[in-house]
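Scope of the values below: all heavy atoms of this structure, side chains included, with no hydrogens, waters or symmetry mates. Chain identifiers are assigned alphabetically (A, B, ...) following the order of the sequence lines, protein sequences preceding nucleic acid strands; residue numbering begins at 1 within each chain.
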Amino acid sequence: MTLRLYDTMAREKRVFKPQDPSRVTMYVCGPTVYNYAHIGNARPPVVFDVLRRLLGHIYGEDAVIYARNITDVEDKIIASSLESGEAIADITRKYADIYNADMASLNVRAPDIEPWATKHIQGMIRIGESLKRKGYAYVTKDGLYFQVDQMDDYGKLSGRKQEDNEAGARVAVDEGKRNPSDFAIWKFAKEGEPEEAIWDSPWGRGRPGWHIECSAMIKAELGDTIDIHGGGIDLTFPHHENEIAQSECAHGETLANYWLHNGFLDMEGEKMSKSLGNVKLVHDLAKDWPGEVLRYALLSGHYRAPLDWTRSLLEQSKTSLDRIYGALRRVWGDGNVEPDDRHGVRAKLMDDLNTPLALAELHALASEANKAADEKNERAMETVRNMLVDAGSALGILSMTPAQWEQGGDDDDSARIDAMVQARVEARANKDWAEADRIRNELAAEGIEIMDGGGGSTWRRV
RNA sequence: GGCCCUGUGGCGGAGUGGUGACGCAGCGGAUUGCAAAUCCGUGUACCCCGGUUCGAGUCCGGGCGGGGCCUCCA
């Protein structure tokens with residue numbers, strides 16, 4: 001079974017071959033930490049978390065090194081600090097913590113390495129010096145710039161030629177640049193900017209440009225050439241194009257062998273934007289929906305396709321998970337799970353992370369589980385339970401026990417409900433249907449659904 | 001203006017050229033004290049027009065519709 005990934009550079013699916021199977025490297029562009037993450041921001045971490053899990057399964061957990069950075073120096077962070085008076089380090093620490101907590105609520109495992117941009121300033125300066133020495137960079141009154149026409153294959157990732165960019169694009173206002181497409185490697189500090197965001201460099205005091213941080217962190221943490229580089233589709237140009245330009249011109253090596261990009265989220269059919277007021281924060285969504293519902297919704301479409309984020313999508317995702325957890329409950333037994341990978345979920349993921357097909361496989365397992373339970377086939381129940389849990393872990397769902405999923409919440413309240421359900425079981429045994437129905441109705445009124453089965457009754461919050 | 005992606009049943013969403021996944025919703029049946037849950041069954045879906053082919057949702061061309069990027073937005 002081979003892993004195939006769609007490579008943006010090649011514009012086709014390619015069989016994945018790491019440079020070194022004992023050290024598989026992946027880098028994904030992480031957040032700029034100055035506010036809460038919205039659900040669109042969560043798509044890359046979730047998608048690449050699935051890939052990280054898959055790579056770990058194929059090559060061994062310890063053989064994969066996944067880095068996701070924190071951008072903690074940037075214009076908007078500086079603006080936020082100047083406005084609130086809060087120290088930059090405090091702002092970035094706070095929002096990085098919130099980001100990681102939000103991602104954890106979506107069952108996103110922490111990356112193996114989380115480099116912070118400001119810890120890599122010297123590495124950025126070294127790349128800048130190298131580029132300047134080799135004639136790829138020049139100094140203006142505003143900073144150090146990369147000269148794109150010095151690089152023969154600039155634009156190879158996004159497939160755009162320089163002429164194309166200039167045709168109808170907004171014109172860059174910086175007259176100091178030799179070409180409008182030239183971009184900043186280092187920006188000189190301006191009057192009034194906080195000392196916290198200023199470093200010395202051979203060219204003058206200032207701070208790094210956006211693209212250089214990833215070049216430096218990849219070099220320092222993972223090496224000259226990494227296996228996989230990922231991020232949102234919007235980063236293809238200019239961000240990743242410029243990373244390639246800097247890294248490859250400075251080091252003379254290919255930056256990444258596979259480029260993966262996820263598609264955007266729409267909100268109820270519209271573009272998500274502040275002006276439309278339809279930005280949904282993970283932090284807020286998590287108050288109304290279990291994290292696994294949000295994750296299921298994100299994985300319900302293929303990662304490269306646009307995904308329309310709607311209320312209906314969330315409701316359907318919730319119902320689907322209810323069905324799967326319900327099946328898991330019926331085969332749960334004593335809950336001693338021995339992960340069993342004899343299922344089809346990973347095979348579907350091997351084809352460019354086809355999560356919709358993988359979820360279809362999961363539903364097939366749920367059907368098997370229900371059938372095994374109907375037939376009271378103990379061996380089949382045990383096997384399918386082990387497969388369900390393993391399949392879920394491949395996708396980062398089914399991380400709870402069925403009881404936690406269906407009855408999670410206030411323990412005292414659960415005890416009260418258990419008692420009522422037990423009372424109803426006794427009423428039914430006495431054929432006191434009026435009392436049995438009364439209890440069921442009372443529980444239904446507070447959102448508790450009772451499920452009667454051969455072996456007794458159970459309940460869940462709906 | 002340039003580059004790129006996309007258009008499948010009521011909804012979401014797969015699909016290697018050959019009797020159209022899967023889930024949600026609906027309908028029928030089984031089961032149930034009645035329900036729920038579950039199981040079984042069930043759907044005149046592939047934007048339009050040409051072309052290639054024995055055969056196209058699947059390839060090619062042209063339309064129409066939607067979306068993204070074109071300097072710091074996942």
Side-chain angles (χ1 to χ4, degrees), chain A residues 8 11 28-32 37-47 71 74-76 155 158-161 163-174 177 180-184 187 209-211 230-239 241-242 261-266 269 271-274 296-297 300-302 304-308 310 312-313 315-324 326-327 329-330 348 351 354-364 366-367 369-371 373-375 428 431-433 436-437 440-441 444 449-454 457-460 462:
Chain A
T8 305
R11 286 185 171 61
V28 172
C29 292
T32 300
H38 58 65
I39 190 64
N41 295 128
R43 198 174 190 190
V46 167
V47 164
T71 296
E74 204 265 347
D75 288 2
K76 288 191 285 287
S158 54
R160 61 186 86 218
K161 305 186 177 86
E163 310 85 78
D164 300 338
N165 285 338
E166 293 165 45
R170 282 170 282 174
V171 180
V173 284
D174 188 343
K177 293 199 286 187
S181 296
D182 291 352
F183 57 90
K187 299 156 88 164
W210 177 33
H211 319 297
I233 185 76
D234 58 313
L235 298 182
T236 310
F237 188 92
H239 184 52
E241 200 71 77
N242 291 349
H261 294 97
N262 64 274
F264 260 38
L265 241 55
D266 287 330
K271 177 176 177 165
M272 172 161 49
S273 72
K274 278 186 184 167
Y296 188 106
S300 67
H302 185 89
R304 281 189 284 117
L307 179 68
D308 195 18
T310 63
S312 164
L313 174 68
E315 286 167 352
Q316 290 188 16
S317 299
K318 169 74 164 63
T319 311
S320 294
L321 274 169
D322 282 343
R323 167 178 143 79
I324 299 169
R329 177 193 73 240
R330 299 185 64 200
K348 302 305 180 188
D351 184 13
N354 195 329
T355 51
L357 275 183
L359 290 172
E361 289 288 331
L362 203 57
H363 279 283
S367 293
N370 281 321
K371 270 179 257 187
D374 281 350
E375 294 162 7
R428 290 184 73 218
K431 295 200 188 317
D432 184 353
W433 309 127
D437 290 351
R440 185 169 64 196
N441 290 336
E449 185 175 277
I450 292 188
M451 291 158 293
D452 295 330
S457 298
T458 184
W459 59 274
R460 68 180 179 192
V462 290

### Query
So what does A:Ser158 touch, heavy atoms closer than 4.0 Å: a base, only the sugar-phosphate, or nothing?
sugar-phosphate

Is there side-chain contact between A:Ser320 and A:Tyr296, with at least one heavy-atom pair below 4.5 Å? yes

Output for pair (A:Trp459 CH2, A:Glu449 CD), nearest 0.5 Å, gives 12.0 Å

Contacts of A:Asp182 and A:Gly263 projected onto RNA chain B by closest heavy atom; the upstream (5') one is A:Asp182

**Prompt:** Quick one: does A:Asn354's side chain have a donor or acceptor within less than 3.5 Å of a partner on A:Leu357's backbone?
**Reply:** yes

Kindly indicate whether the side chain of A:Leu313, heavy atoms from C-beta on, has any atom under 4.5 Å from the side chain of A:Ser300. yes

Check: Does the side chain of A:Arg440 get closer than 4.0 angstrom to OP1 or OP2 of B:G33 through an N or O atom?
Finding: no

Separation of B:U6 atom P from A:Leu307 atom CG, nearest Å, is 15 Å

message: Is a donor from one side chain sitting under 3.5 angstrom from an acceptor on the other, for A:Glu241 and A:Ser158?
response: yes

Among the nucleotides B:A74, B:G68, B:A36, whichever has the atom closest to the side chain of A:Lys271 is B:G68

* **Gap in Å between the two C1' atoms, one belonging to B:G7 and one to B:G12, rounded** => 15 Å

When rounded to whole Å, the CG to C1' distance for the pair A:Leu321 and B:C22 reads 14 Å

Between CD of A:Glu315 and C1' of B:A25 the distance, given in whole Å, is 11 Å

If pairing means Watson-Crick or G-U wobble with both distances under 3.5 Å, then the partner of B:U19 is none

Report task. Taking only the side-chain nitrogens and oxygens of A:Asn354, find out if one of them lies under 4.0 Å from OP1 or OP2 of B:G15. Result -> yes

**Message:** Rounding to an integer number of angstrom, what distance separates B:U44 and B:A21 when you compare their P atoms?
**Reply:** 13 Å

| field | Whether A:Arg323 side chain and A:His363 backbone form a donor-acceptor pair below 3.5 Å | value | yes

ask   = OP1, OP2 of B:C40 versus side-chain N and O of A:Lys371: anything below 4.0 Å?
value = yes

Nearest-nucleotide check on RNA chain B, A:His302 vs A:Cys29; residue mapping nearer the 5' end is A:His302

Please give the distance between the C1' atoms of B:C59 and B:U16 as a whole number of Å. 13 Å

Pairing partner of B:U38, by Watson-Crick or G-U wobble and under 3.5 Å for both distances, is B:A30

pair_partner(B:U52), Watson-Crick or wobble, both distances < 3.5 Å, evaluates to none

A:Arg304 atom CZ is separated from B:C69 atom P, nearest whole Å, by 18 Å

With the side chain defined as heavy atoms from C-beta on, A:Pro356 is closest, among B:G33, B:G13, B:C72, to B:G13

Interatomic distance, CG@A:Leu265 vs CZ@A:Arg43, rounded to 0.5 Å, equals 6.0 Å

Original post:
Which value, in whole Å, describes the distance between the C1' atoms of nucleotides B:C69 and B:G18?
Top reply: 39 Å

Against the side chain of A:Asp374, the closest entry in B:U38, B:A74, B:A21 is B:U38

Correct closest heavy-atom pair for A:Cys29 and A:Leu235 would be CB-CD1, 3.7 Å

Rounded to whole Å, the CG-C1' distance (A:Asp322 to B:U38) equals 14 Å

Is_stacked (A:Phe264, B:G68) at 5.5 Å, 30 deg:
no

Out of B:A36, B:C69, B:C24, minimum distance to the side chain of A:Met451 belongs to B:A36

*Describe the nucleic acid contact of A:Leu313 in one word from base, sugar-phosphate, nothing, applying a heavy-atom distance below 4.0 Å.*
sugar-phosphate

Exercise. Could you tell me whether A:Leu362 contacts a base, only the sugar-phosphate backbone, or nothing, with contacts defined as non-hydrogen atoms closer than 4.0 Å?
Key: nothing

Whole-Å distance, A:His239 NE2 to B:C72 P, equals 13 Å

Value for CG (A:Asp322) from CZ (A:Arg460), rounded to nearest 0.5 Å, stands at 5.0 Å

*asked:* Just to be sure I understand the rule, does A:Ser300 reach a base, reach only the sugar-phosphate, or reach nothing, if contact means heavy atoms closer than 4.0 Å?
replied: sugar-phosphate

pair_partner(B:A45), Watson-Crick or wobble, both distances < 3.5 Å, evaluates to none

Considering only heavy side-chain atoms of A:Arg460, the closest of B:C22, B:A74, B:A37 is B:A37

Among B:C11, B:A74, B:C73, the one nearest any side-chain atom of A:Pro44 is B:A74

request  = Ignoring backbone atoms, establish whether A:Asn370 has a side-chain N or O less than 4.0 Å from OP1 or OP2 of B:C39.
outcome  = yes

Need one value for A:Gly326: base, sugar-phosphate or nothing, where a base atom within 4.0 Å counts as base even if backbone is also close, heavy atoms only. nothing

In whole angstroms, the gap separating P of B:G66 from CG of A:Asp266 amounts to 13 Å

- Item | Same-atom distance (C1') from B:C27 to B:C60, integer angstrom | 42 Å

Legend entry - B:G66 to B:C72 separation - P atoms, rounded to the nearest Å: 26 Å

At 4.0 Å (heavy atoms only), tell me whether A:Ser317 reaches a base, stays on the sugar-phosphate, or touches nothing. nothing

Nucleotide by nucleotide, nucleotides 27-32 of chain B touches protein heavy atoms under 4.0 Å in the pattern (B base, S sugar-phosphate only, - none) ------

Margin query: Quiz question: going by heavy-atom distance under 3.5 Å, is there a donor-acceptor pair between the base of B:C11 and the side chain of A:Gln316?
Written below: yes

B:U38, OP1 or OP2 - any side-chain N/O from A:Arg330 closer than 4.0 Å?
no

Practice task
Would you check if A:His239 and A:Asp234 make a side-chain contact, meaning some heavy-atom pair closer than 4.5 Å?
Solution key: no

Exercise. Sticking with atom P, work out how far B:A14 lies from B:G28, rounded to a whole angstrom.
Key: 31 Å

Which of B:C39, B:C69, B:C11 is nearest the side chain of A:Phe237? It is B:C69

Per atom distances to the A:Asp437 side chain, the nearest of B:C24, B:C34, B:C22 is B:C34

Looking only at B:G23, B:G68, B:A37, the nucleotide nearest the A:His363 side chain is B:G23

*Record whether the side chain of A:Lys318 comes under 3.5 Å of the base of B:C24 through a donor-acceptor pair of N or O atoms.*
no

With the side chain defined as heavy atoms from C-beta on, A:Arg329 is closest, among B:C72, B:A37, B:A74, to B:A37

Short side-chain to backbone donor-acceptor contact, A:Asn370 and A:Ser367, under 3.5 Å: no

Between NE2 of A:His261 and C1' of B:C73 the distance, given in whole Å, is 13 Å

Please report the distance separating the P of B:C70 from the corresponding atom of B:A74, rounded so that it comes out in whole Å.
12 Å

